[in-house]
**Q** 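First, the structure itself, so that you have it in front of you.
Only this structure's heavy atoms are used, side chains among them; waters, hydrogens and symmetry mates stay out.
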There are 2 protein chains.
Amino acid sequence: MKHYTIKDIAKKLNVSVSTVSRAFNDKYDIKKETKALILKTAEEMGYMPNPIAKKLSQKRSLNIGVVVPEFINEYYSEIVIALQEFLILKGYQVLVMQSDENEDLELMNAQTLISNMVDGLIVAPTTGNRNMKYYQDRIKDGYPIVFLNRIEESVPVSKVVFNNLKWSFFATEHLIRQGYKKIYHLSGYKDLSVSYERVQGFKKAMNKHNFPKENYKIIETGLLAKEGMEVIEDLIFNHDIPDAFFCVNDMVALGAIKKLKENGYAVPKDVAFVGFTETRIAELMSPPLSSVKQPTYDMAKKAAELLLKRIEDENAPIETIVMNGEFNIRQSSVKNKAVL
Amino acid sequence: MKHYTIKDIAKKLNVSVSTVSRAFNDKYDIKKETKALILKTAEEMGYMPNPIAKKLSQKRSLNIGVVVPEFINEYYSEIVIALQEFLILKGYQVLVMQSDENEDLELMNAQTLISNMVDGLIVAPTTGNRNMKYYQDRIKDGYPIVFLNRIEESVPVSKVVFNNLKWSFFATEHLIRQGYKKIYHLSGYKDLSVSYERVQGFKKAMNKHNFPKENYKIIETGLLAKEGMEVIEDLIFNHDIPDAFFCVNDMVALGAIKKLKENGYAVPKDVAFVGFTETRIAELMSPPLSSVKQPTYDMAKKAAELLLKRIEDENAPIETIVMNGEFNIRQSSVKNKAVL
DNA sequence: TTGTAGGCGTTATCAC
DNA sequence: GTGATAACGCCTACAA
């Protein structure tokens, strides 16, 4: 099966290449019959337009690039699925690259996608932000980029973020109101904006309720179960187990709970837990884990909308959309109730 | 920041475009000083070669396309990460598209990637196989495609698969040897090749041990926790709970276990469990879940190697690589042991 | 309504 | 060693 081009079709039908080209791009006038004939023979020959050539000449690809920091934590998998679902309806294809939480790789990914002439980029940055200058330069060049999550509200770019502070505050306040007297926060990476914001929410709740300083603590972890386990090991070693934990995400909570159980602690009887960025396992855990659910699908959709707006209108204003979620209270953080 | 081309550099230095081009592709003769000068000024101007143009003229992109059926189940996330990790070392960029378990979307994805001139394609097919003809035509055209998982061994294409039958057999036999007398298999989708093969392994073990037909059953589910839960609800309704389950994957096991616990069953005391395609949560569950671990990283790497071999040598033979895994026995399927 | 011709940014084949 | 110049496949003035 040879790879046919418009030339081949043109030759076969004794018309010019431009006529053939026009048959495929209906913004030009062309006689109905010619067009029909061309399309028909093209179909028969199994002609497929070459998007590379198209891109080279018209600088538009109908492809959107997506860069995510990882996708082992379910959140970004859902984001990608949602982005794709939405953008396909709008006629775009979605190319995904993941950065493995590595800034250099992230930069390479973005460059690859841009040089492949994707019409725009949706970026969920990794920790650290050495690359922001690169992005801002591209944006200055007129390149449409929208950020998703993990970026500080103050950065002057279009973005969709979650109100981490607010919901972290609610989650913490819930623990306080349940009557827990010693509450630790397992906080994720220090230089990850979402972690930072959740820490702020935690502190804000503590301050509001005049929680004694010696009764709360912020402990840096990563984002994985393993790291939750490690922290608990340390705390057990130091005989420093509080009566409640608020965790940066569900996986850290899961790891921590496992390690506590192994050491004879009961959840929530001895130690209560709240997670964040709810995943499917929250409900499935024993006990089911209270967690803050982010509107993943909507966040992705909003980001895609922002991007399309910007692609269609060079001068679309910079926008920051802050999303809210919901706090699902389950057995892991409820006092005075029998475990079902 | 303007987008410079080799023309701009050529003009600036009063050399021809070919000289500039040669400076970047060191297979041609060119005076050392000219080359140095060109590279230096290019650097200063912030010149970036345009890969689209490059692709158009030399039909090679150093991009590899990857099509996965989903990536919410961790397995494919790991596959993608591993593929990327390996291929980047070889100088390739990895573009990922996911099909959401939808055959039509899968076809679109493959077409998009191919028409973007990726040098080769690694495909983990969705359920169903209407697209195989398309792939085989492309392969006949000389296009390098390697399949990963979820494809029958008999299909004459290069592929890396897991020996589902063998390990399913082992897992089942383990349950039999532990002395469980009534064993059900929650089997995933009927028309998914990996499910089918696991069913075969299950049956083979039953036959080998002359397990009474009335004491085992194969129940079709999906691949999600929810579906595990639904099946258990039905079984409870029918008072038909066996003393052991072998599940198509960990998520189904997780859902099933949760539902059983809610209904007062203890695991593994009342009902034992074995999962498959071990995920990180297997270890973290209570009780920890016995499961068959697939060599995800190696499978990805092998697939990438096959593909590169094929890209570099048009006539590389079709190869099928069948991988083995390991069976990790944990508390969920061990009899006569106190739950820790 | 259609054709001609130049351009998109590179590479590759000739000459010189 | 280097420079013209023709590809690669498509789009798009401009002319006819």
**Q** Under the salt bridge (charged side-chain N to carboxylate O under 4.0 Å, His left out) criterion, do A:K301 and A:E85 qualify, and how do the steps go?
**A** CA-CA 9 Å; A:K301 192 174 159 205; A:E85 189 175 328; over 6 Å; no
**Q** Can you tell me the distance, in whole Å, between the NZ atom of B:K35 and the P atom of D:dG3?
**A** 16 Å
**Q** If you restrict it to nitrogen or oxygen atoms, what contacts under 3.5 Å exist between nucleotides 13-16 of chain D and the protein, and what is each distance?
**A**
none

**Q** D:dC11 C1' sits how many Å from A:I9 CD1, rounded?
**A** 15 Å
**Q** Could you give the CG-to-C1' distance, from A:N14 to C:dT2, as a whole number of Å?
**A** 13 Å
**Q** Between the protein and nucleotides 8-10 of chain D, list the N/O to N/O atom pairs that are separated by less than 3.5 angstrom.
**A**
from: D:dC8; atom 1: O2; to: B:S57; atom 2: N; distance (Å): 3.4
from: D:dG9; atom 1: OP1; to: B:K59; atom 2: NZ; distance (Å): 3.4
from: D:dG9; atom 1: N2; to: A:A53; atom 2: O; distance (Å): 3.4
from: D:dC10; atom 1: OP1; to: A:Y47; atom 2: OH; distance (Å): 2.7
from: D:dC10; atom 1: OP1; to: A:N50; atom 2: N; distance (Å): 3.0
from: D:dC10; atom 1: OP2; to: A:I6; atom 2: N; distance (Å): 2.8

**Q** Which residue, A:V17 or A:T34, contacts DNA chain C at a nucleotide closer to its 5' end, judged by nearest heavy atom?
**A** A:T34
**Q** With under 30° as parallel and over 60° as perpendicular, where do the rings of B:Y47 and B:F24 fit, or are they tilted in between?
**A** tilted
**Q** For A:P69, is there any backbone N or O sitting under 3.5 Å from a side-chain donor or acceptor partner on A:S99?
**A** no
**Q** When you measure from the centre of the six-membered ring of B:F147, is the NZ or CZ of B:R150 closer than 6.0 Å and no more than 45° off the axis?
**A** no
**Q** In this structure, how many angstroms lie between the P atom of C:dT10 and the NZ atom of B:K11, rounded?
**A** 13 Å
**Q** So, is A:S16 near the phosphate of C:dT2, with a side-chain N or O under 4.0 Å from OP1 or OP2?
**A** no
**Q** Assess the side chains of B:Y143 and B:D137: does a donor N or O sit below 3.5 Å from an acceptor N or O?
**A** no
**Q** To the nearest Å, give me how far apart CD1 (A:I38) and P (C:dT1) are.
**A** 13 Å
**Q** With a 3.5 Å cut-off and no angle check, do the side chains of B:E106 and B:Y134 form a donor-acceptor pair?
**A** no
**Q** Whole-Å distance between D:dG1 C1' and B:L37 CG?
**A** 15 Å
**Q** Could you walk me through whether B:R138 and B:D141 pass the salt bridge (charged side-chain N to carboxylate O under 4.0 Å, His left out) test, one step at a time?
**A** CA-CA 5 Å; B:R138 293 292 82 62; B:D141 294 350; 3.2 Å; yes
**Q** Using a 6.0 Å cut-off, check whether atom CD of A:E44 has over 12 heavy atoms from anything other than its own residue.
**A** yes
**Q** Above 12 or not: heavy atoms from other molecules or residues under 6.0 Å from CD of A:Q136?
**A** yes
